[in-house]
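Data first, discussion second: the structure below is written as structure tokens.
Numbers restart at 1 for each chain; the letters A, B, ... are given by sequence-line order, proteins then strands.
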Protein chains: 2
Amino acid sequence: MMQGRTEIDEKVTLRVLIADDHEMVLDMFAMYLTRAAGMEVTTAKSLDEAVDIIVAEGPFDVVLLDLNMPGMNGVIGLKRAIKQNGGNPVAIITGTPTPRMLDEIMNAGSSGIVLKTTAARSLANAIRFMHSGEQYMPLELMRGSAQAASRNVRNGNLSDKEMTVLSYLAEGKQNKEIANELQLAEPTVKMHVTAICRKLGAQNRTQAVIMARDLGLV
Amino acid sequence: MMQGRTEIDEKVTLRVLIADDHEMVLDMFAMYLTRAAGMEVTTAKSLDEAVDIIVAEGPFDVVLLDLNMPGMNGVIGLKRAIKQNGGNPVAIITGTPTPRMLDEIMNAGSSGIVLKTTAARSLANAIRFMHSGEQYMPLELMRGSAQAASRNVRNGNLSDKEMTVLSYLAEGKQNKEIANELQLAEPTVKMHVTAICRKLGAQNRTQAVIMARDLGLV
DNA sequence: ATGTAAACCATACCATGGTATGTATACCCC
DNA sequence: GGGGTATACATACCATGGTATGGTTTACAT
């Protein structure tokens with residue numbers, strides 16, 4: 001899981017499949033990669049469509065999937081695509097991944113994560129990098145999964161456990177339910193909820209959920 | 001507020017400013033509009049940067065702002081930009097606007113809303129359309145803002161009062177606060193909250209808010 | 001005119017949520 | 001070894017949320 005300078009053959013015409021439910025994003029990806037990077041780009045608007053295309057046309061050199069598109073269901077759809085693509089790299093493209101998502105994505109066998117906040121020219125490099133068998137992840141995120149550093153910027157200093165509890169909060173679950181599912185005592189859950197509200201500046205769990213969603217934490 | 005075929009002069013080289021915190025989106029917008037549409041594109045990554053650029057370089061023919069970018073604060077940032085752009089069109093570009101946002105955006109004097117789910121080639125047309133002084137809004141959204149008719153379909157048959165209460169719920173307010181602001185007794189608010197939860201299939205207010213947001217009710 | 005539905009209020013009860021204190025363990029870093 | 005932080009649990013108290021029941025008014029349609 002490294003990012004760095006590698007000698008990559010730029011002459012190969014890579015066959016790339018991109019799936020995203022934002023047609024505009026799709027069009028622009030395709031356009032950029034085709035014109036500026038000389039790749040052969042195929043697009044899809046849902047996971048099902050993407051899988052169908054892979055089955056019909058054979059594995060692509062690199063497949064990029066939007067995490068929030070129809071049919072993805074989190075990493076479940078990712079695994080489906082990986083299984084279909086015959087060992088070739090499948091990566092996730094997303095705007096604001098949470099630490100929890102990062103873990104799940106990489107553990108699911110993805111070849112990497114590309115942020116939509118990344119400069120466009122980096123995309124082509126990332127694709128070639130992944131095609132060479134490496135796993136790609138932006139440096140910002142490496143700090144994040146190594147815990148404290150970058151997370152401080154985005155999530156108001158929520159600890160791992162607090163993020164976990166927050167994810168249950170964001171499903172509208174009760175303290176008791178959360179305690180059961182996480183094998184904790186209810187007072188402990190309350191403590192975490194209180195800490196979450198304090199750190200997010202929320203007056204109650206509902207506001208915490210609202211803010212977490214607005215901040216893209218969940 | 002119409003969308004339709006209009007004779008638009010395509011020979012003019014429009015000066016367009018696009019602001020979005022997703023650098024990749026920015027790059028691709030710029031690339032598409034420059035290469036495929038022959039526009040002169042300037043980009044910014046926050047509202048402050050966008051405003052600075054407008055001040056420094058004078059009003060643009062069309063300004064596109066991402067609704068969720070730093071500094072926007074909903075329509076507040078939009079109004080700032082409109083004020084600076086000397087009467088020229090300022091539009092919002094977003095992925096998934098809620099009906100409430102639509103109203104606010106259009107009432108704030110925006111020249112239109114462009115969905116990120118729109119095909120890329122439509123973007124250039126929308127920009128020229130707005131530049132000609134029209135307000136642009138995708139047809140899908142016009143249906144949604146036509147109030148009652150479609151709302152009944154989408155909102156699980158919430159009554160007017162319930163929708164009002166829901167909008168306060170969605171801000172994380174307490175029953176007592178809602179009662180005060182709406183000049184109601186607290187039991188009445190509780191009754192409405194209960195009805196909202198029942199109609200939405202939520203187990204508590206937090207789930208109701210989550211569902212309302214996912215359904216685009218608020 | 002009668003029925004139906006929405007909105008409103010009241011009282012009461014119990015469940016849930018949130019706060020406060022105190023205690024404890026483990027880990028990391030200096 | 002001491003200081004900081006994250007985690008965990010207990011007990012207790014009070015605020016808030018949610019449910020139930022019952023009642024009034026208005027409006028609207030059959």
Side-chain angles (χ1 to χ4, degrees), chain A residues 98-100 103 143-212 217-218, chain B residues 147-149 151-152 155-212 217:
Chain A
T98 64
R100 194 193 198 190
D103 283 350
R143 287 203 307 274
S145 62
Q147 292 188 348
S150 82
R151 209 176 46 194
N152 292 347
V153 180
R154 288 196 51 237
N155 68 4
N157 291 316
L158 292 197
S159 70
D160 286 349
K161 208 66 178 200
E162 285 160 357
M163 283 300 294
T164 305
V165 172
L166 178 58
S167 71
Y168 285 87
L169 266 194
E171 292 171 14
K173 301 210 169 169
Q174 298 177 338
N175 291 337
K176 203 172 295 181
E177 293 178 290
I178 300 174
N180 287 336
E181 300 193 34
L182 292 180
Q183 288 294 305
L184 294 175
E186 195 181 340
T188 305
V189 175
K190 284 187 175 184
M191 180 195 65
H192 287 308
V193 172
T194 300
I196 290 168
C197 289
R198 179 172 42 78
K199 291 183 180 180
L200 291 181
Q203 290 175 342
N204 53 53
R205 65 208 290 114
T206 304
Q207 281 189 8
V209 170
I210 294 167
M211 292 179 178
L217 296 182
V218 288
Chain B
Q147 284 192 353
R151 203 175 51 192
N152 291 342
N155 69 3
N157 293 314
L158 292 196
S159 70
D160 286 348
K161 208 68 179 199
E162 286 160 355
M163 283 301 291
T164 304
V165 173
L166 179 58
S167 72
Y168 285 86
L169 267 194
E171 293 172 13
K173 301 211 170 167
Q174 298 176 339
N175 291 337
K176 201 172 296 181
E177 293 178 290
I178 301 173
N180 286 337
E181 300 194 33
L182 292 181
Q183 289 294 306
L184 296 174
E186 194 181 339
T188 306
V189 175
K190 285 186 175 185
M191 180 196 63
H192 287 307
V193 172
T194 300
I196 290 168
C197 288
R198 178 172 43 77
K199 290 184 180 178
L200 292 181
Q203 291 175 342
N204 53 53
R205 67 208 289 111
T206 304
Q207 281 189 8
V209 170
I210 294 168
M211 291 179 178
L217 297 181

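Between the CD atom of B:Q203 and the C1' atom of D:dT19 there is a distance of 15 Å, rounded to whole Å. Atom CG in A:L182 sits about 11 Å away from atom P in D:dC9, given to the nearest Å. Rounding to whole angstrom units, CD of residue B:E177 and C1' of D:dA15 are separated by 13 Å. Atom-to-atom, CD of A:E186 to P of C:dG18 comes out at 11 Å; the value is rounded to the nearest Å. A straight line from CD1 of B:I178 to C1' of D:dT16 spans 12 Å, rounded to a whole angstrom. The separation between B:K161 atom NZ and C:dC8 atom C1' is 9 Å, rounded to whole Å. Following rounding to the nearest Å, A:R198 (CZ) and C:dA20 (P) show an atom-to-atom distance of 11 Å. As a whole-Å value, the separation of A:H192 NE2 from D:dT5 P is 16 Å.
Between B:T188 and C:dA7, a side-chain N or O to OP1/OP2 separation shorter than 4.0 Å is absent. The shortest distance between the side-chain N/O atoms of B:N175 and the OP1/OP2 oxygens of D:dG17 is below 4.0 Å. Residue A:T194 places no side-chain N or O under 4.0 Å from the OP1 or OP2 atom of C:dG18. A sub-4.0 Å separation between OP1 or OP2 of D:dT16 and a side-chain N or O of B:K176 is present.
Between B:L182 and B:T164 there is a side-chain heavy-atom pair separated by less than 4.5 Å. Residues B:K161 and B:L184 meet the side-chain proximity criterion, which asks for heavy atoms closer than 4.5 Å.
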* Tell me, with the steps shown, if A:H192 and A:T188 meet side chain to side chain contact (heavy atoms under 4.5 Å, CB included). => CA-CA 6 Å; A:H192 287 308; A:T188 305; 3.8 Å; yes

* To do: Begin with the C-alpha distance, continue with both residues' side-chain angles, and end with the deciding distance and a verdict on side chain to side chain contact (heavy atoms under 4.5 Å, CB included) for A:T206 and B:L169.
  => CA-CA 8 Å; A:T206 304; B:L169 267 194; over 6 Å; no

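Closest contact between the side chain of B:Q174 and the listed nucleotides C:dG18, D:dT16, C:dC9 involves D:dT16. Of the candidates C:dG17, C:dA10, C:dA7, the closest approach to any side-chain atom of A:R205 belongs to C:dG17.
Two residues, A:N204 and B:K190, neighbour DNA chain C, and the one matched to the more 5' nucleotide by heavy-atom proximity is B:K190. Summary of the strand contacts: A:M191 and B:P187 both lie near DNA chain D, and taking for each the nucleotide with the nearest heavy atom, the more 5' one is attributed to A:M191.
Separating the CD atom in B:Q203 from the SG atom in B:C197 is a distance of 9.5 Å, to the nearest 0.5 Å.
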